[in-house]
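We number each residue from 1, following the sequence as shown.
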Amino acid sequence: MHRKKTDGSLSIFATFPDETNPSFPAVGPPTTDAVLTGIVYDGTHFRMSTLTSFPFPAGRSKIYQESTTGAVPLLKDGFSGQNNSTSMFSEW
C-alpha cells in the first residue's frame with residue numbers, strides 16, 4: 001500500500017505474483033497467493049519475504065526486492081517454512 005502524505009489516501013503500490021501449486025489438482029487450487037511475512041528497508045529498496053498459502057509447497061518461499069517505483073523483481077527463492085523465511089534477511 002502507498003499512502004499519500006497530502007491527503008492520507010491509500011492505493012496499491014505493488015503486488016506479488018501468484019505461485020503455481022505443484023500439488024494441483026490433487027490438493028488445493030491451481031495457484032496460491034504469496035503471503036508477505038517480513039519487510040526490511042535498506043535505504044534504497046524494500047526487501048520482502050513471502051510464504052505461499054495452502055497447501056504450503058516446500059521450496060516456494062521467496063524474497064522480492066521492491067524499488068521505489070513499485071517494481072517487485074525476485075531477489076532469491078527456494079526457501080521453505082516460516083522459520084526459514086524469517087531468517088532470510090540474516091545476511092543483510
Side-chain angles (χ1 to χ4, degrees):
M1 296 296 286
H2 173 76
R3 184 180 65 84
K4 284 178 86 173
K5 287 182 181 180
T6 55
D7 63 9
S9 63
L10 297 175
S11 62
I12 294 174
F13 185 67
T15 59
F16 298 100
D18 287 345
E19 290 290 324
T20 302
N21 177 4
S23 301
F24 181 78
V27 179
T31 61
T32 62
D33 295 327
V35 179
L36 182 66
T37 60
I39 187 167
V40 173
Y41 183 65
D42 69 3
T44 305
H45 298 94
F46 292 99
R47 293 186 175 145
M48 298 158 292
S49 61
T50 63
L51 293 176
T52 59
S53 57
F54 179 80
F56 314 107
R60 297 290 178 115
S61 297
K62 298 179 176 166
I63 297 177
Y64 294 92
Q65 180 170 285
E66 181 178 356
S67 69
T68 55
T69 64
V72 188
L74 179 65
L75 183 63
K76 292 187 176 192
D77 64 359
F79 299 98
S80 295
Q82 186 172 4
N83 289 338
N84 192 316
S85 69
T86 56
S87 65
M88 288 192 273
F89 294 126
S90 63
E91 62 189 83
W92 293 301

- Message: Taking Thr32's backbone N and O only, do any of them form a donor-acceptor pair with Asn21's side chain (distance below 3.5 Å, no angle check)?
- Response: no
- ILVMFWY network linking Ile39 to Val35, side-chain heavy atoms under 4.5 angstrom: no
- Please list, chain by chain and in numerical order, all residues satisfying ring pair (Phe, Tyr, Trp, His ring centres under 6.0 Å) with Phe24, sequence neighbours excluded. none
- Query: When rounded to the nearest 0.5 angstrom, what is the spacing between OG1 in Thr37 and CZ in Phe79?
  - Reply: 10.5 Å
- Measuring from Glu66:CD to Arg47:CZ, what's the distance to the nearest 0.5 Å? 12.5 Å
- Query: Nearest heavy-atom pair of Ala34 and Pro17: which atoms, and what distance?
  - Reply: CB-O, 3.9 Å
- Query: If every non-hydrogen atom of Thr50 is compared with every non-hydrogen atom of Tyr64, which pair is closest and at what distance?
  - Reply: OG1-CE1, 3.8 Å
- Note on the structure: In terms of heavy-atom contacts, Lys4 and Asp7 come closest through CB-OD1, 3.5 Å
- Heavy atoms, side chains only, cut-off 4.5 Å: are Phe16 and Lys62 in contact? no
- Any idea which heavy atoms bring Ser61 and Thr52 closest together, and the distance? OG-N, 4.4 Å
- Arg60 side chain vs Thr20 backbone, donor-acceptor pair below 3.5 Å: yes
